[in-house]
Amino acid sequence: MIPSVLPTYNRAPLSFVKGEGSWMIEADGRRFLDLGAGIAVNVLGHANPALVAALTDQANKIWHVSNLYQIPEQQALADKLVEHSFADTVFFTNSGTEACELAVKMARKYWYEKGHPEKVEIIGFEGAFHGRSSAGIAAAGSEKMTKGFGPLLPGFRHLTWGDIAAVNDAIDARTAAVIIEPVQGEGGIRPIADEDLRELAHICKENDVLLILDEVQCGVARTGRLFAHEWAGITPDIMMVAKGIGGGFPLGAVLATEEAASGMVAGTHGSTYGGNPLGCAVGNAVMDVVATPAFLDDVNRKAGLFRQKLEGLVAAHPHVFEEVRGTGLMLGLKCYTPNVDVVRAGYDQEIATVPAADNVVRLLPPLTITDEEISEAVARLDKAAAQVAAQKD
Ligand SMILES: *Cc1c(COP(=O)(O)O)cnc(C)c1O
């Protein structure tokens, strides 16, 4: 019999009933160190007092009005995002997938309005993840996501991850945009080198092609800059954000330059919930913390500490781990043993991690994780790795 919840997920047999900072408390009382943060979502940890206050204050005022009216919290958040990024304008969604939908529509509409209706094609990369809608799965292209779901949304093609030189050859008169995650998340914590991202931005500019960055997972201070592309010193035309921006409340956004957004006039796009007062109240509280130099400096400092300890962990378990990869607090352990074995052993040690493609275990802690918690995380991962190594023998 089919379960009452549609069985599309492989869930661990754990139910967390309470969260505190970097910790999740299981129904039976066990305390798990959370190195997944709801898949890079809970950037300020669980039950952060500033976020709880922002949400409950707003809940006591007004929850939902729709975009028929002005929404002051939405305006304030858009102003903050514009102030702290390349963007001139912002559209709010409830998820990363919806941000992908708009990014694709915006790029195509841009060229249509410029008198180039033939420019519809979007170039993406293998191993990408852009969400589970028809556009999202077409943009990512993998058979795992697309097979069986009927005709794919046309107008997407895919290049080998990291092969920036191939972009030059792939671009033709029909190319509207290139879409890329500066650090692939689901694909296995694979950062693109700064010089490659610079080269890609240059190629796009030279060829009149828009650059869409998917920073749904790597954005919002995760890499130690507010947005990951800042490390390369480039700016995109359009950027997708979600996950961390709501700190755990469903919220996403598309950020764009005035030029790239120029086709999106009144009536061309919309969302009932998108940019609702609750989500934006929380988003404002998140931005007030993460978009400060002191916070970003601390993320970078802790990232260095964590990475150094993880290098030691890998060296101590050469049959379990191959390498540490990633940037900032978006780290991955590339495994020799199946990554899911490491994740499961982690559960026994009361630490939560997230598997990714390419046999990687993702470590995406709350950005508020403390130095002591980083040491504790590595100690628990060490025990988990020993357990996996013992099972192997
Ligand atoms: C999670 C993710 C998405 C999809 O976001 P949802 O909120 O799950 O719809 C898109 N792109 C990237 C890079 C992601 O990590």
Side-chain angles (χ1 to χ4, degrees), residues 6 8-11 36-43 91-107 122 124-142 144-146 153 156 158 161-162 177-192 197 211-223 227-229 236 238-255 271 273-276 279 282-283 286 325-332 353-358 360-365 367:
L6 189 73
T8 60
Y9 300 106
N10 284 313
R11 295 174 198 268
I39 316 184
V41 167
N42 303 307
V43 284
F91 181 94
F92 291 101
T93 68
N94 310 289
S95 68
T97 301
E98 290 165 275
C100 179
E101 290 295 317
L102 174 55
V104 167
K105 285 176 69 177
M106 185 183 280
I122 296 177
F125 292 91
E126 285 161 7
F129 185 78
H130 302 300
R132 297 293 196 145
S133 64
S134 296
I137 62 176
S142 80
K144 186 179 152 216
M145 279 184 272
T146 57
L153 186 66
F156 293 89
H158 305 94
W161 171 247
V178 172
I179 184 169
I180 188 168
E181 300 158 78
V183 185
Q184 280 194 346
E186 305 298 313
I189 310 292
R190 300 196 293 181
I192 180 167
L197 191 54
L211 177 60
I212 303 171
L213 294 182
D214 182 344
E215 293 225 13
V216 169
Q217 195 159 149
C218 63
V220 194
R222 175 75 33 203
T223 67
F227 297 108
H229 67 266
I238 300 170
M239 178 170 71
M240 300 149 54
V241 174
K243 292 200 166 90
I245 189 66
F249 196 92
L251 178 65
V254 173
L255 281 65
S271 167
Y273 282 128
N276 68 79
V282 181
V286 169
R325 51 164 77 161
T327 169
L329 289 174
M330 185 169 185
L331 295 165
T353 60
V354 188
D358 207 23
V360 164
V361 173
R362 268 181 285 181
L363 308 174
L364 309 160
L367 305 179

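Below, all heavy atoms of this structure are taken into account, side chains as well, without hydrogens, waters or symmetry copies. The first residue in the sequence is number 1, and the count goes up from there. Atoms within each ligand, like the ligands themselves, are counted from 1 in listed order.
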Asks: Can you tell which part of H130 has a heavy atom less than 4.0 Å from ligand 1: side chain, backbone, both or neither?
Replies: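 The answer is the backbone.
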
Asks: Answer side chain, backbone, both or neither: which part of S95 comes under 4.0 Å from ligand 1, heavy atoms only.
Replies: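 Answer for S95: both.
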
Asks: Return yes or no for this condition: an N or O of E186 is under 3.5 Å from an N or O of ligand 1.
Replies: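 In this structure, E186 places no N or O atom under 3.5 Å from an N or O of ligand 1.
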
Asks: Which atoms of ligand 1 have any heavy atom of T97 under 4.0 Å away?
Replies: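 Those qualifying, in numeric order: 4 (C), 5 (O), 6 (P), 9 (O).
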
Asks: Is the backbone N or O of G244 less than 3.5 Å from a side-chain atom of R222, with the two atoms forming a donor-acceptor pair by type?
Replies: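 No, the answer is negative, given that no donor and acceptor are paired below the 3.5 Å cut-off.
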
Asks: Give a yes or no on whether a salt bridge exists between E181 and R190, defined as a side-chain N under 4.0 angstrom from a carboxylate O.
Replies: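 No, E181 and R190 are not salt-bridged.
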
Asks: Is the side chain of R362 donor-acceptor paired with the backbone N or O of P355 at a distance under 3.5 Å, no angle test?
Replies: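 Looks like yes, one N/O pair under 3.5 Å.
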
Asks: Can you pull out the closest protein heavy atom to atom 7 (O) of ligand 1? Residue, atom name and distance to 0.1 Å, please.
Replies: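 Of every protein heavy atom, G96 N, 2.8 Å lies nearest to atom 7 (O) of ligand 1.
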
Asks: Under 3.5 Å, is there a donor on one side chain and an acceptor on the other for E186 and Q217?
Replies: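 Yes, because at least one side-chain N or O of E186 sits under 3.5 Å from a partner of the opposite role on Q217.
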
Asks: Between V183 and T223, what is the shortest heavy-atom contact and its length?
Replies: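 The answer is CG2-CG2, 4.3 Å.
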
Asks: Short N/O distance, under 3.5 Å, between E98 and ligand 1?
Replies: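 N/O-N/O distance below 3.5 Å does not exist for this pair.
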
Asks: Check the pair M330, I189 against side-chain contact (heavy atoms from CB on, under 4.5 Å), reporting the backbone distance first and the verdict last.
Replies: CA-CA 7 Å; M330 185 169 185; I189 310 292; 3.9 Å; yes

Asks: Side chain or backbone, does E181 bring an N or O within less than 3.5 Å of an N or O on ligand 1?
Replies: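 No, since none of the N or O atoms of E181 sits under 3.5 Å from an N or O of ligand 1.
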
Asks: Test your reading of the structure: does F129 have an N or O sitting under 3.5 Å from an N or O of ligand 1?
Replies: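 Among all N and O atoms of F129, at least one is under 3.5 Å from an N or O of ligand 1.
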
Asks: Tell me, which protein residue and heavy-atom name are nearest atom 11 (N) of ligand 1, and how many Å apart are they?
Replies: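 Here the closest protein heavy atom is D214 OD2, 2.7 Å.
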
Asks: Working to the nearest 0.5 Å, report the span between CD1 of I245 and CG of L255.
Replies: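 It comes to 8.0 Å.
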
Asks: Quick one: nearest non-hydrogen protein atom to atom 14 (C) of ligand 1, plus distance?
Replies: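 Answer, as residue, atom name and distance: K243 NZ, 2.9 Å.
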
